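Everything below concerns the one structure shown next.
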Amino acid sequence: MAKRKLTLQQQRRIRLQQDRSRAQADNGGGRVASGPPESGLGSEQTGVVAVRYADSADVVGPEGAVRRCHFRANLDSLIAGDRVAWRDGEPWGVITAVQPRKNHLDRPDNRGKLRPVAANIDRIAIVLAPQPQPHANLIDRYLVASEAQGMESILVLNKCDMKVTQDLEQLLDAYAQLDYPLLIVSAKTGAGITQLAASLKHKTGVLVGQSGVGKSSLINALIPDAHTQTGPLSTKLTPAASPSSDSQQGHVHHFAKGTHTTSSSQLFRLPGGGGLIDSPGIREFGLWHLHAEQVAAGFVEFRPLLGHCKFRDCQHDGEPECALIAAVKVGAVRAERLASYHSIVAELNAH
């Protein structure tokens, strides 16, 4: 069924209501006294979307408890990590407004259109492993996306209990020379997990990487009950009973689940503070909305050289007096990174 198109007057009214809701929820950073409850709903409070379903979402409230909430049609773009204003109620609460996103990650849908799958991310952990063999161009794509969105990036070598080849050591050293932090961990043995947890503490993070590098195992190592929280979902949403005592204590309330949307993103609370977003779709980064100039700026070692080529529209691909090509010749920029840049730009041009 096609969505009903809103008039300009209706859109303005919705924006005003959302602005009021955000202002009320932000007053004091948590629960606020905003007058008598409306239609049995409680006061405005802030929260973060943990997981989005077809017509509802789980919201982590200021006390850490997770509550199921309905949302109105004009808020249909909700994704994991969104900061929202909401009112509690029975059997569900209601999301009344969404805060502007500071950033978001996109992935292509089945029609090739980019869709946001996770929002308000502080740090991206790019997970590698001796097997499957890492691909430098894929790592570069993750780094370009994170740089374009103002997110911090770290490299995480999982499965450190396996043999590390000389090629992998050289690859990791190349990124270390660019000042990207590296953590060496093993979800199997527990090595380095404490350090990984500390790097994500009080932040909203996301693990990305090729299939098979052990992202799910790392999530379970960081969040012991994550496996039970990501179990099978039912296809029918049924009202829950009143919140259990566990919900009041900040634990996830395991009432009947709804059907995930195609993003399949979910935010888990880290035991030491902060959150970790899991999304199978995030492994497919979409960069098609970027311009070549933005891609170039995503290569951190290119930045001091940009704007110093002879031609303003230099493509850094054989033009005379190109600053990047000159830097490659003297070893200031790795030839593999320049080739990776050209590969990404060629894909952008293809779209």
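The first residue of the sequence shown is numbered 1, and numbering continues consecutively from there. All figures in this text were calculated on a predicted structure; none of them were measured in a lab.
More than 12 heavy atoms of other residues, nucleotides or ligands sit less than 6.0 Å from atom CD of Gln170. Atom CD of Glu336 is surrounded by more than 12 heavy atoms from other residues, nucleotides or ligands within 6.0 Å. Within a 6.0 Å sphere centred on NE2 of His342, heavy atoms belonging to other residues, nucleotides or ligands number more than 12. Environment of NZ in Lys102: crowded, with over 12 heavy atoms of neighbouring residues, nucleotides or ligands closer than 6.0 Å.
Among all heavy-atom pairs drawn from Ala57 and Val49, the shortest one is CB-CG1, 4.3 Å. Nearest heavy-atom pair, Arg67 versus Gly89, reported as atom, atom and distance to 0.1 Å: NH2-O, 2.7 Å. Closest approach of Arg68 and Ser56 over heavy atoms only: CD-OG, 3.4 Å. What you find for Ile95 and Leu75 is that their closest heavy atoms are O-CD1, 3.5 Å. Across all non-hydrogen atoms, the minimal contact from Leu218 to Ala187 is CD2-CB, 3.8 Å. When all heavy atoms of Leu207 and Ile219 are compared, the pair lying nearest together is CD1-CG1, 3.7 Å.
Side chains of Arg123 and Ser199 form a contact here, defined as non-hydrogen atoms less than 4.5 Å apart. Taking the side chain as every heavy atom from C-beta outward, Asp122 and Leu200 never approach each other to under 4.5 Å. For the pair Leu157 and Pro130, the minimum side-chain heavy-atom distance is below 4.5 Å. Contact annotation: the side chain of Gln195 never approaches that of Ile184 to less than 4.5 Å [non-hydrogen atoms, C-beta and beyond]. Considering only heavy atoms from C-beta on, Ile223 comes within 4.5 Å of Leu270 through its side chain. Looking at Ile126 and Tyr180, their side chains never come closer than 4.5 Å, going by heavy atoms from C-beta outward. Residues His316 and Cys309 meet the side-chain proximity criterion, which asks for heavy atoms closer than 4.5 Å. Side-chain atoms of Ser265 and Asp278, non-hydrogen and from C-beta on, never get closer than 4.5 Å to each other.
Here CD1 of Ile154 is found 15.5 Å from OH of Tyr175. Values are rounded to the nearest 0.5 Å. A distance of 8.5 Å separates CG in Leu114 from CG in Leu287, rounded to the nearest 0.5 Å. Remark: Gln266 CD to Leu276 CG distance equals 10.5 Å, nearest 0.5 Å. A distance of 9.0 Å separates CE in Met151 from CG in Asn120, rounded to the nearest 0.5 Å. Between Ile193 atom CD1 and Asn158 atom CG the span is 7.0 Å, to the nearest 0.5 Å. The CD atom of Gln133 lies 7.0 Å from the CD atom of Gln131; values are rounded to the nearest 0.5 Å.
With no hydrogens or angles considered, no side-chain donor-acceptor pair links Ser146 and Glu152 at under 3.5 Å. Under 3.5 Å, the side chains of Asp140 and Tyr341 contain no donor-acceptor pair of N or O atoms. Between the side chains of Asp161 and Ser186, at least one donor N or O sits under 3.5 Å from an acceptor N or O. Asn137 and Ser340 are linked by a side-chain donor-acceptor pair at a separation below 3.5 angstrom, with hydrogens and angles left out of the test.
Note on Met162: it does not cluster hydrophobically with Leu183, by side-chain heavy-atom contacts below 4.5 Å among ILVMFWY residues.
For Glu347 (side chain) and Val345 (main-chain N/O), no donor-acceptor pair under 3.5 Å exists by modelled atom type. In this structure, the side chain of Trp86 does not engage the main chain of Thr96 through any donor-acceptor pair within 3.5 Å. Looking at Arg87, its side chain never comes within 3.5 Å of a backbone N or O of Leu41 through a donor-acceptor pair. No donor-acceptor pair closer than 3.5 Å links the side chain of Lys203 to the backbone N or O of Gly273. The closest donor-acceptor contact from the side chain of Asp82 to the backbone of Ile79 lies under 3.5 Å. With hydrogens and angles disregarded, a donor-acceptor distance shorter than 3.5 Å links the side chain of Arg52 to the backbone of Leu78. A donor-acceptor distance shorter than 3.5 angstrom exists from the side chain of Asn103 to the backbone of Ile121, with no hydrogens or angles considered. Using a distance-only test at 3.5 Å, with no hydrogens or angles considered, no donor-acceptor pair links the side chain of Asp58 to the main chain of Val51. Distance alone, capped at 3.5 Å, places no donor-acceptor pair between the Gln177 side chain and the Ala174 backbone. For the pair Gln149 (side chain) and Glu147 (backbone), a donor-acceptor distance under 3.5 Å is absent.
With salt bridges taken as basic N to acidic carboxylate O contacts below 4.0 Å, none links Glu319 and Lys310. In summary, Asp106 and Arg115 do not engage in a salt bridge, as defined by a charged side-chain N under 4.0 Å from a carboxylate O.
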* Go through Val295 and Leu348 one step at a time and tell me if the side-chain contact (heavy atoms from CB on, under 4.5 Å) criterion holds. => CA-CA 10 Å; Val295 175; Leu348 298 185; 3.5 Å; yes
* Dump the intermediate steps for side-chain contact (heavy atoms from CB on, under 4.5 Å) on Ile277 and Thr204, then the final yes or no. => CA-CA 7 Å; Ile277 295 178; Thr204 298; 4.0 Å; yes
* Between Arg101 and Ser77, does a side-chain contact (heavy atoms from CB on, under 4.5 Å) hold up when you go through it step by step? -> CA-CA 12 Å; Arg101 295 168 183 159; Ser77 63; 4.1 Å; yes
* CA sep, side-chain torsions, deciding dist, call: Val213, Leu128, side-chain contact (heavy atoms from CB on, under 4.5 Å) -> CA-CA 6 Å; Val213 294; Leu128 316 172; 5.7 Å; no
